[in-house]
Amino acid sequence: MKKTKMTLVDLKPGDEAVISGVNGGYGIITNMENLGIRQGVGVKVVSRHFMKGPVVVLAGSSRVAIGFGMAKKIVVEPGEGIFPGGKGDG
Amino acid sequence: MDKILLIGNPNAGKSAIFSRLTGARVIASNYPGTTVELTGGVLRADGREFEVIDIPGTYTLDPVSEAEKVAVKILDETIQSDEAENAVVINVIDSTNLERNLNLTFQLLKKNIPVIMALNFWDEAGHTGVNIDTDKFEEILNIPVVPTCGVTGEGIKALVDRIKEARRSDFSFNNEEKWNQIGDIIGKVQTLTRRHHTLLERFGDFSVQPLSGISIAAVVLFLSFQIIRFIGEGLIAYVMDPLFQRIWAPVMMKLSFVMGSKGVIHDILIGKLVDGQIDFGESFGILTTGFYVPLAAVLPYIIAFYLVLSVLEDSGYLPRLAVLVDNAMHRIGLHGYGIMPMILGLGCNVPGALSTRIMETKRERFLSITIMAIAVPCMAQIAMIMGLVGKEGALGLSIVFGTLFLVWLVLGLFMNKMMKGRAPELFIEIPPYRIPYWKTLLQKLWMRVVWFVREAVPWVLVGVFAINILYTLGVIEFMGRLMGPVISGVFGLPTGAVAALVVGFLRKDVAVGMLVPLQLTFKQLVISSVVLTMYFPCAATFAVMIKELGVKGMIKSALIMIISTLLVGGLLNLVL
């Protein structure tokens, strides 16, 4: 058995990761793409809200709030140094 | 006339560019079939006259939301119209965020229309260490590229000068490889320098953290409320009241004297004199109370409310509020953005109801419209309640607004449980905090205030006129006897309050005003304020609700209103 994949909701504030895929149909994928959330993009978690609240991430130079259910569909590969002390390091 | 369409992502600063390009005369119009507001103005340049249209922000020409559908529709209509030859698109880009913005640019370049690009927030890009080679950019995209800053006006002249150079680009891309190609272009034109993040940015992230965010939200909402009160009360005490008492009252007294101080026509126009004088609250003539209520008692609060709202909108705070309340809003079947119709509803329920079109599902729209119409009082009504109940101290106001908030919450929870389905997910961009551009702010405030005066004043006059006629014909007395058991039995109100309920169908502010001469007790004041808010929407809101929900949906919604009003009014009567 393969190890369970991590999704955006498994990350903590300050964590960085690269999006490795989105579980969803064409509509969801395009919708996310339009706001800069797509495969290969590095993200950094800005904040998490308790009790299955939204996750706010920094993707590129914009911040996007993603509802918990949607964030669960975003598969990520945790990493470090994706935002090297540069733009929007918050 | 030649046409300029301003197209860009939301939060790309289109409105400030729009304000810079056009003069003071701006027209806001609702695009047919949607709520989405379009603004149009005129630009004169090169001896040509352009009609400039600010199109709702969109991330894509492959539309998802209603607002995006409108943007695409206007663009397509322009391309297909006879004016197509003389139309130009200004693509407004957020320079700090090229990747996402270029996605839209790519799609625009495929359309058969000349395009010129405004690299907006040029100054901010510089501060944040983003440097863009505009010459190379022009070369790659084959359209003019002009750096601009809407707020300071930098680059606007160059933009206007180069409009004539706008052209159809021969740029082509492969949709499959779109993102790679965008990445390539960015690699060629943009260089990043290291830098430290700004104070505003730190604060921006601070305000979407759960704990600090909620504290900040509490402060922001408290301050907003205080500012609205301060401006509203100030305008009433120092501008509107003196105007009415010193200038309008003497004119009306003369008119009253000429008409013999009584008679049917006199009573309809001037109303009843109180101790031989005009009382703008109680006389109830069209020219006295009919003008005083909307212009002197309500308008000051409307101005104050929309000023504060516009600042919250343009600074970028509202999306953060949506994130903070997302969790709580899910319990009542909405996602965080569901707070917007409620906030707008506090100004006036009509735009509140219209704004539910930003929601994805029918379920959300029914839910949000219904709880808003029942439990969210509009600014006109709040102003009157503050005047009436506020005189008795803060306790009454807390009971009235506390009860309405509880009703909103319980009703939301209940409807969410009863209706099939669940709330969709929140998915929004959180724009950086930005200092609002004063001219855009004032334009918006002006349009909203004009809208209020145009929509509200006629209804108030009709309401005052109708109630005078109904009194004269004895209809009110008849209805008082008919509804007496409910009014006094359930709510504990005098039968005289029935007149207020009748007028409440037309305008809620006038309805609250009609309670003044009834000499109600504290308890009765509180109950009548709550009941008047809940029992039915005013005529304008009712019309919008039928349009939005359909007749069947409206009947359902109305039943929920009537039942909850009877329950809550009765309960208050027992408890207080």
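Quick note: numbers below take in every heavy atom, side chains included, and nothing from hydrogens, waters or symmetry partners. Note on naming: letters A, B, ... go to the chains in the order of the sequence lines (proteins, then strands), and numbering restarts at 1 for each one.
Ring pair B:Y317/B:Y433 is parallel by interplanar angle, where below 30° counts as parallel and above 60° as perpendicular.
Distance check, rounded to the nearest 0.5 Å: CG of A:L11 to CE of A:M6 gives 5.0 Å.
With chain A as the partner, the residue from B:D326, B:V323, B:I428 showing the most heavy-atom pairs under 4.5 Å is B:I428. Between chain A and the residues B:L104, B:L324, B:L426, B:L98, the most heavy-atom pairs under 4.5 angstrom are made by B:L426. Between chain B and the residues A:N31, A:L35, A:I66, A:T30, the largest count of heavy-atom pairs under 4.5 Å involves A:L35. Among A:P13, A:S47, A:A65, the residue making the largest number of heavy-atom pairs under 4.5 Å with chain B is A:A65.
There is no side-chain donor-acceptor pair under 3.5 Å between A:S20 and A:Q39.
When heavy atoms are compared at a cutoff of 4.5 Å, B:N103 approaches chain A solely by way of its side chain, counted from C-beta outward. With a threshold of 4.5 angstrom between heavy atoms, A:R38 approaches chain B through side-chain atoms but not through N, CA, C or O. When heavy atoms are compared at a cutoff of 4.5 Å, B:R422 does not approach chain A at all.
We find that B:E429 and B:R100 are joined by a salt bridge, their nearest charged nitrogen and carboxylate oxygen being less than 4.0 Å apart. Here B:R434 pairs with B:D94 in a salt bridge; the nearest charged N to carboxylate O distance falls below 4.0 Å. Ion pairing between B:K188 and B:D133 fails under the 4.0 Å rule for side-chain N and carboxylate O.
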